[in-house]
Amino acid sequence: MDGARFVRVTLRRAGLRRSFPPDFAARLEGKTVQALTRRGKYLVAPLSSGETLLMHLGMSGSFRLDIDAGSRRPGAGDEPGRHDHVVFRMSSGAIVTFNDPRRFGVMDLVRRGELNQYPALAGMGPEPLGPDFTAAALARACAGKRTPLKVALLDQQVVAGLGNIYASEALYRAGLSPRRRASTIATPTGLPREGAARLVAAIKQVLRDAIARKATAYRSARFRVYDRAGEPCRTRSCEGIIRRYSQAGRSTFSCPICQR
DNA sequence: ACCTCGACCTGCAAGC
DNA sequence: TGCTTGCAGGTCGAGG
C-alpha cells in the first residue's frame, strides 16, 4: 500500500462495529498512500488528499495480501471469503483484503489536522518501545489509580498497544501480581518504586521477543503464563501452578508464588 | 474523575 | 449428531 494509489475500493457490507465513514470508497479512490505507520494498535496511513486512513484489527481482523494480482488474469480463487469486508485494489497491482469475522475492527478517515483530536488517539500513552516509556512515565500514569495493575496496563492511555496476552506476560516477567493496585508501583507523589522499572523492562522485553519471533498469530506463540492455567510455573525452582481468573472482564494468568 | 460492566459480533471447543 | 454454554487477541458507552 505504501506509495501506491487506491484504484478501486470495495465495501462488502455497511460497516464493521461502526459504519464506514460517509463516501469511504470515493474518498480513497485516486488517492496515494504517502506512508504507512502505526500508533498503538492503529494503523495510520496519511493520504495525498490530506486525509488519514485509520485501521484497527480489533480481535479477529487480518489483512490478506495478493502482491501481484494485477499481473495475473482474474480467475477462480479470487472469490471473496465470508468475512472479507473491504478490498483495496492498489495501483501497484496488489490487492489488500481486510477480513474480520467478529467485526470489532475499525476503518476510519480523518482530516490530518484532526488526527490529534481523534478520540482513541488523543491522550494515548507512550509507545512502549519508544524513549518516552520510562519507569518515571509509567509511575506517573499509575499514581493514584485504584485499578488492578493488569487492568491499568490494558488502558491505552497508560501505555499504547499492550493487549491482554502481553499484559499477563509482562507482569509475570516483572514478578508483579496482576491484582496489585496500579498505584503501588509509584510513591504518593508519583515517583517510581522499583517495581515500575522492572515492569517497564519486562514490557519492552516481552514485545521485543514477540516481534523477533514474528509472533503474529497468538496461537503459534509460546507464552509463559497466558493460557497455561493448571500448568507448572516455568520459573526455576518455583513450585507454583499458573492460575486463571477474570479482571475487568478479561482473563488474567499468573503464578501465585513468584508474582507479588 | 474514576471505575466496572455489558454490548458489539462470530467461531470454536467442550459438555451433555 | 446436534444442541447449549462459555470463551476468545478490543473498545466504548452507560451507569455506579
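Between C:dG9 and B:dC3, the distance separating the two C1' atoms is 23 Å to the nearest Å. Taking atom P on both B:dC9 and C:dC3, the two are 24 Å apart, rounded to the nearest angstrom. Comparing the P positions of B:dA1 and C:dT11 gives a spacing of 23 Å, expressed to the nearest Å.
Base pairing of C:dG9: no nucleotide in any strand meets the Watson-Crick or G-U wobble criterion (both distances under 3.5 Å). Using Watson-Crick or G-U wobble geometry with both donor-acceptor distances under 3.5 Å, B:dC3 finds its partner in C:dG15.
Computed from coordinates, the A:Met59 CE to C:dG6 C1' distance equals 13 Å when rounded to whole Å. Taking atom OH of A:Tyr245 as the reference point, atom P of C:dC7 lies 16 Å away to the nearest angstrom. Between the P atom of C:dT11 and the CG atom of A:Asp155 lies a distance of 10 Å, rounded to the nearest Å. As a whole-Å value, the separation of A:Arg250 CZ from B:dC3 P is 17 Å. Distance, A:Arg103 CZ to C:dC12 C1': 17 Å, rounded to whole Å. Atoms CZ (A:Phe253) and P (C:dG9) sit 8 Å apart, rounded to a whole Å. The distance from atom CG of A:Leu153 to atom P of B:dC3 is 13 Å, rounded to the nearest whole Å. Rounded to whole angstrom, the span from the CD1 atom of A:Ile165 across to the P atom of C:dA8 amounts to 10 Å.
With the nearest nucleotide of DNA chain B identified for both A:Arg82 and A:Arg17, A:Arg17 has the one nearer the 5' end. Of the residues near DNA chain C, A:Ser251 and A:Tyr118, the one whose nearest nucleotide (by heavy atom distance) lies more toward the 5' end is A:Ser251.
The phosphate of C:dG9 has neither OP1 nor OP2 within less than 4.0 Å of any side-chain N or O from A:Arg102. Contact check, A:Lys41 against C:dG10: a side-chain N or O comes under 4.0 Å of OP1 or OP2. Proximity of A:His83 to the phosphate of B:dC9: no side-chain N or O atom is located under 4.0 Å from OP1 or OP2. Regarding contacts with the backbone of C:dG6, every side-chain N or O of A:Arg244 stays at 4.0 angstrom or more from both OP1 and OP2. Taking side-chain N and O atoms only, A:Thr147 has a distance below 4.0 Å to OP1 or OP2 of B:dC3. Side-chain nitrogen and oxygen atoms of A:Gln156 include at least one within less than 4.0 Å of the OP1 or OP2 phosphate oxygen of C:dT11.
With its ring centre under 5.5 Å from that of the base six-membered ring and a plane angle below 30°, A:Phe104 counts as stacked on B:dC8.
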List the steps, then state whether side chain to side chain donor-acceptor pair (under 3.5 Å) holds for A:Ser48 with A:Lys31.
CA-CA 6 Å; A:Ser48 55; A:Lys31 314 304 184 300; over 6 Å; no

Steps toward side chain to side chain contact (heavy atoms under 4.5 Å, CB included) verdict (A:Tyr172, A:Arg234)
CA-CA 10 Å; A:Tyr172 172 73; A:Arg234 293 224 165 111; 4.1 Å; yes

Under the side chain to side chain contact (heavy atoms under 4.5 Å, CB included) rule, what do A:Leu154 and A:Arg250 come out as? Steps first, then yes or no, please.
CA-CA 10 Å; A:Leu154 290 180; A:Arg250 318 292 308 277; 4.1 Å; yes

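No side-chain donor-acceptor contact under 3.5 Å links A:Thr97 and A:Asp84.
Each of A:Arg12, A:His83, A:Met107 was scored for a side-chain contact (heavy atoms from CB on, under 4.5 Å) with A:Phe98, with one residue passing: A:Met107. In summary, of the residues considered (A:Asn164, A:Leu176, A:Thr147, A:Ile203), a side-chain contact (heavy atoms from CB on, under 4.5 Å) with A:Leu153 occurs for A:Ile203 alone.
Using a 4.0 Å heavy-atom distance criterion, A:Arg18 is classed as a sugar-phosphate-only contact. Residue A:Gly163 is in sugar-phosphate contact alone, with no base atom involved, counting any heavy-atom pair closer than 4.0 Å across all strands shown.
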